[in-house]
Amino acid sequence: MAWVSLFSGGKDSAWALHRALDDGLPVERLVTVHPDEDSFLYHVPATELAGLAAESIGIELLEVESGGHEGTDSSARGDAELEPLECALRELDADMDDGLTGVVAGAIESEFQTSRIEAMCERLDIELFAPLWQRDPRALADAMLATGFEIRVIAVAAAGLDESWLGRTLDAEAFDELEAIGDDYGVHLLGEGGGFETLVTDSPQMERPLKLEYETEWDGVRGQLQVTDAWLGDS
């Protein structure tokens with residue numbers, strides 16, 4: 001058996017990987033997709049840091065470029081963005097001695113994303129492991145913290161989230177605040193729909209934490225971290 005885990009470096013994909021390894025799935029590759037800035041399908045910010053995270057985790061990384069897609073029709077755009085990933089997995093399946101068994105994904109509530117990944121797995125005749133799918137958001141957040149995940153906010157794009165959230169480490173207090181903001185503004189507790197994006201800088205799978213130097217970029221409505229340097233710290 002050989003599994004791959006879709007891995008952006010964000011909390012959802014990192015938690016899905018954690019669950020897969022904890023359940024004994026033999027994950028042989030992490031797969032990072034580098035999309036356009038206005039991707040309809042993928043996590044966008046800081047995917048260039050996935051290589052450092054993969055080095056710390058100790059699993060080989062496969063990187064896939066999925067840029068250059070144009071057009072405004074979201075369905076067609078989503079399908080086009082998926083094609084490079086499907087091609088890469090098909091090639092990986094052919095290269096593996098016993099083929100590819102399945103894909104791990106960190107989808108929580110997005111039908112747009114999950115339906116496409118499910119259809120891709122059906123075409124490739126492989127399994128899908130989506131341990132976050134339709135789980136209670138606060139239960140997921142609490143489990144991540146209890147397991148030792150260090151989660152940094154790297155982008156915000158929702159009412160109720162200001163520049164002070166950029167670079168903030170998510171702890172129980174921060175999730176309490178996010179619940180209140182969600183009540184007032186409708187922001188999803190885990191950032192579903194692009195309200196905010198995260199980067200996991202430490203976890204049980206990582207032998208060494210990810211260290212960052214960065215500047216913040218804020219336009220008055222939304223913003224993100226501009227990472228100027230990144231390295232692996234001491235174990």
Side-chain angles (χ1 to χ4, degrees), residues 1-35 39 41-44 46-67 78-108 110-135 140 143-144 147-149 198-210 232 235:
M1 296 177 63
W3 286 74
V4 300
S5 193
L6 303 183
F7 185 76
S8 67
K11 60 179 175 25
D12 302 337
S13 66
W15 182 249
L17 172 64
H18 170 83
R19 283 291 314 279
L21 295 174
D22 199 45
D23 284 7
L25 296 185
V27 177
E28 294 192 5
R29 296 284 194 287
L30 304 181
V31 181
T32 297
V33 178
H34 301 292
S39 173
L41 192 63
Y42 300 110
H43 168 110
V44 174
T47 57
E48 70 276 5
L49 301 179
L52 273 177
E55 179 183 342
S56 182
I57 293 167
I59 299 178
E60 185 176 345
L61 180 69
L62 172 63
E63 300 186 76
V64 178
E65 298 293 334
S66 183
D79 293 342
E81 286 192 80
L82 188 69
E83 287 179 8
L85 173 61
E86 184 169 340
C87 290
L89 294 182
R90 195 176 297 279
E91 292 177 4
L92 188 60
D93 182 38
D95 289 342
M96 289 180 164
D97 291 339
D98 296 317
L100 182 61
T101 300
V103 171
V104 179
I108 301 175
S110 172
E111 290 282 358
F112 182 87
Q113 181 188 58
T114 303
S115 63
R116 283 166 172 75
I117 295 175
E118 287 177 335
M120 177 188 71
C121 289
E122 289 178 6
R123 290 190 294 271
L124 296 174
D125 193 24
I126 58 178
E127 299 175 42
L128 172 63
F129 180 65
L132 287 71
W133 181 242
Q134 296 185 335
R135 303 296 184 187
L140 286 172
M144 292 177 196
T147 307
F149 271 51
T198 62
L199 178 71
V200 172
T201 52
D202 203 6
S203 74
Q205 282 70 51
M206 297 174 69
E207 293 185 1
R208 300 164 62 192
L210 183 59
L232 296 178
S235 57

| Side-chain touch Leu210/Leu232, heavy atoms, less than 4.5 angstrom | yes
| field | Closest non-hydrogen atom pair between Met1 and Glu28, with its separation | value | O-OE2, 3.9 Å
| N/O donor-acceptor pair under 3.5 Å between Ser66 side chain and Pro35 backbone | no
Side-chain atoms of residues 48-62: list all donor-acceptor pairs with protein atoms under 3.5 Å, sequence neighbours left out, distances to 0.1 Å.
residue	atom	partner	partner atom	Å
Ser56	OG	Glu207	N	3.1
Ser56	OG	Arg208	N	2.9
Ser56	OG	Arg208	O	2.6

In a table with atom names and distances, give each donor-acceptor pair under 3.5 Å that connects a side chain of residues 95-104 to protein atoms at least two apart or in another chain.
residue	atom	partner	partner atom	Å
Thr101	OG1	Ala2	N	3.1

| Among Thr47, Leu6, Thr32, Leu85, which residue meets the side-chain contact (heavy atoms from CB on, under 4.5 Å) test with Tyr42? | Leu85
| request: Considering non-hydrogen atoms only, spot the tightest contact between Ala143 and Thr147 and give its length. | output: O-OG1, 2.7 Å
| Among all residues two or more places apart in sequence or in another chain, which pass the side chain to side chain contact (heavy atoms under 4.5 Å, CB included) test with Arg135? | Leu140
Residues 12-26 side chain polar contacts: donor-acceptor under 3.5 Å, at least two apart:
residue	atom	partner	partner atom	Å
Ser13	OG	Ser8	N	3.1
Ser13	OG	Ser8	OG	3.3
Ser13	OG	Gly10	O	3.3
His18	ND1	Gln205	OE1	3.4
His18	ND1	Gln205	NE2	2.9

Could you list the donor-acceptor pairs under 3.5 angstrom formed between side-chain atoms of residues 112-126 and any protein atom two or more places apart in sequence or on another chain?
residue	atom	partner	partner atom	Å
Gln113	NE2	Leu41	O	3.2
Thr114	OG1	Ser110	O	2.9
Ser115	OG	Glu111	O	2.7
Arg116	NE	Asp79	OD1	3.0
Arg116	NH1	Phe112	O	3.0
Arg116	NH2	Ser75	O	3.2
Arg116	NH2	Ser75	OG	3.1
Arg123	NE	Glu86	OE1	3.2
Arg123	NE	Glu86	OE2	3.0
Arg123	NH2	Glu86	OE1	2.6

| note | Contacts of Thr198 meeting side-chain hydrogen bond (donor to acceptor under 3.5 Å, both in side chains) (sequence neighbours excluded), chain-then-number -> none
| field | CH2-CG distance between Trp3 and Leu30, expressed to the nearest 0.5 angstrom | value | 14.5 Å
| What pair of heavy atoms forms the shortest contact from Leu128 to Ala105, and how long is it? | CD1-CB, 4.0 Å
